Amino acid sequence: MLRQQDVGHRIVVRRIVGIREGRTLFSDALGELVELSETHITLSTDAGPLRVPVAEVHRAKRVPPARRPTAAAVVALELAADEAWPAPVRGRLGDWRLRWADGWTGRANSALPVGDPDRPLPAALDAVQRWYAERGGTALVNTPLPLAAPVGAELDARGWTARPPVLVQTVPLRALAAPPDAGLADTPPDADTPPLAGPDGPPLGGPAGTPPVTLADAPADDWLAIAAGRKGGLPDAARHVLTAVDRVRFAELRIDGRLLAVGRGTVTGEGRWLGVSLLEVLPEARRRGFAVAVVRALAGWGAAEGATRAFLQVEQSNTGAVELYRRLGFTTHHTYLTRVAPAP
């Protein structure tokens, strides 16, 4: 059977799904093990998350991994993502990053355990908890998998819980510049897609008939209001996270002056990575191609800035967004779990 050290690795599970004419029926599932408890195992599969009660597991084992990015590639992308979402208060524990933004978003208020913490793992996690306690917050640790699987195993032993898995997805920018699949969930089926333009060219748009997307170097008040509605408010620390990046743009799609769709783009990681975040379309404006238009506008800007690939982070359970990104060409580079310290 599985052990905690299997978390973050590829496994196959044969589970009992019923009985027919006195014979037990089985079904097999293949994916990355993201959680193992006394009662359930959770896999990240191509079809989405799968939570299987332990009582239904007939057999489970680790299998050879599919082709994975190298550890160095995971570290480089995690550091580019950290640069794109900069917490105003930061600390270091050897190579580990400690981040605090008054509790606004898990990413900006969690430790990033990549590299060497310059001390034994138990001592490093003790130091993490002290650092967050000094700031009046609960300690969080983002664990990229399988890179940080040893950290996750130690956190399991300490009783830390896990938030839902997050997919870190990537795509070459040239793929975003190509006309989107007619089946895009956010695109009309008969859409004709115009070419991308750089930041000094004409306004960037999406499918034919879609209003142009404009890119601003600072967020407008109504842009911030949409972000606040999505993230539960915007403290001063949040404004730092959003704007304290050397190369950042705030996408706006308006009709008759009303803001209907937004997104944020950053270029980090030594200029290689375009980060896409806070993509949002108001409910009454969805399924009109607006999200695609915003992404492609940011892709055009990122390419003009010299970036070659795009990344984003999305909860695996957000199936609508995951499907849209899949059709845009994004694939999962790696996953991470946000681990939460138990209450004192």
Side-chain angles (χ1 to χ4, degrees), residues 7-9 32 34 44 65-101 104-118 121 124-125 127-128 131-132 139-155 160 162-173 241-242 244-248 264-278 302 307-316 325 330-340:
V7 172
H9 293 272
E32 180 180 297
V34 296
S44 173
R67 186 174 180 181
R68 290 181 179 274
T70 65
V74 173
V75 170
L77 181 48
E78 284 292 326
L79 294 181
D82 175 59
E83 185 184 348
W85 201 254
V89 178
R90 302 176 67 85
R92 294 291 289 269
L93 201 64
D95 296 327
W96 288 16
R97 270 69 172 172
L98 307 176
R99 307 172 291 191
W100 178 247
W104 191 74
T105 76
R107 278 179 286 168
N109 292 273
S110 59
L112 179 61
V114 295
D116 184 359
D118 200 27
L121 179 55
L125 294 174
V128 167
W131 195 85
Y132 285 97
L140 305 177
V141 176
N142 274 9
T143 54
L145 297 173
L147 181 70
V151 177
E154 177 67 20
L155 295 176
W160 289 48
R163 292 179 179 173
V166 174
L167 309 179
V168 182
Q169 300 197 312
T170 65
V171 67
L173 277 188
V241 172
L242 294 175
V245 182
D246 289 339
R247 290 190 278 179
V248 60
R264 174 178 175 269
T266 56
V267 172
T268 60
E270 300 181 343
R272 180 189 179 198
W273 288 102
L274 167 73
V276 177
S277 60
L278 290 173
T308 57
R309 296 186 66 83
F311 79 89
L312 54 80
Q313 297 165 318
V314 58
E315 285 195 5
Q316 187 182 50
Y325 300 144
F330 283 89
T331 59
T332 298
H333 186 272
H334 64 277
T335 63
Y336 74 76
L337 295 176
T338 297
R339 306 299 304 269
V340 184

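Everything quoted here is computed from the prediction, not taken from an experiment. FYI, the numbering just counts along the sequence from 1.
Using a distance-only test at 3.5 Å, with no hydrogens or angles considered, a donor-acceptor pair links the side chain of R339 to the main chain of W160. Under a 3.5 Å cut-off, the side chain of Y325 and the backbone N or O of T331 do not form any donor-acceptor pair. Although no hydrogens or angles enter the test, the distance criterion places no donor-acceptor pair under 3.5 Å between the side chain of D116 and the main chain of D95. With hydrogens and angles ignored, the 3.5 Å screen pairs no side-chain donor or acceptor of Q316 with any backbone N or O of P164.
Between the side chains of E32 and T335, at least one donor-acceptor pair of N or O atoms lies under 3.5 Å.
A pairwise comparison of heavy atoms in P69 and H333 identifies CG-O, 3.3 Å as the closest pair. Across all non-hydrogen atoms, the minimal contact from G106 to R163 is CA-NH1, 4.0 Å. Listed here is the closest heavy atom pair of V128 and A111: CG1-CB, 4.1 Å. When all heavy atoms of V34 and P165 are compared, the closest pair comes out as CG2-CG, 3.7 Å. Of all non-hydrogen atoms in P113 and N142, the two that sit nearest each other are CD-O, 2.7 Å. Minimum interatomic distance between A101 and V241 (heavy atoms only, all atoms of both residues): CB-CG2, 4.1 Å.
Every side-chain contact (heavy atoms from CB on, under 4.5 Å) that R309 has, sequence neighbours left out, goes to T170, P172, R272, W273. Checked against ring pair (Phe, Tyr, Trp, His ring centres under 6.0 Å), W104 has the following partners two or more places apart in sequence or in another chain: W85.
Taken from CG in L155 to CG in L121, the straight-line distance is 7.5 Å, to the nearest 0.5 Å. Once rounded to the nearest 0.5 Å, the distance linking CG of L112 with CZ of R107 reads 12.0 Å. Expressed to the nearest 0.5 Å, how far OG1 of T266 lies from CG of L242 amounts to 11.0 Å. Interatomic distance, D82 CG to R90 CZ, rounded to the nearest 0.5 Å: 4.0 Å. Once rounded to the nearest 0.5 Å, the distance linking OG1 of T143 with CD of E78 reads 9.5 Å. Atoms CG and OG1, from L140 and T338 in turn, are 7.0 Å apart once rounded to the nearest 0.5 Å.
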Please step through side-chain contact (heavy atoms from CB on, under 4.5 Å) for the pair V245 and E83, ending with a clear verdict. CA-CA 7 Å; V245 182; E83 185 184 348; 5.6 Å; no
Using the rule given for side-chain contact (heavy atoms from CB on, under 4.5 Å), can you reason through R97 versus R92, listing the C-alpha separation, both sets of side-chain angles and the distance that settles it, and then say yes or no? CA-CA 5 Å; R97 270 69 172 172; R92 294 291 289 269; 3.5 Å; yes
W131/V89 under side-chain contact (heavy atoms from CB on, under 4.5 Å): CA gap, chis, key distance, verdict: CA-CA 11 Å; W131 195 85; V89 178; 4.3 Å; yes
Does the pair Y336 and V168 meet the rule for a side-chain contact (heavy atoms from CB on, under 4.5 Å), with working shown? CA-CA 8 Å; Y336 74 76; V168 182; 3.7 Å; yes
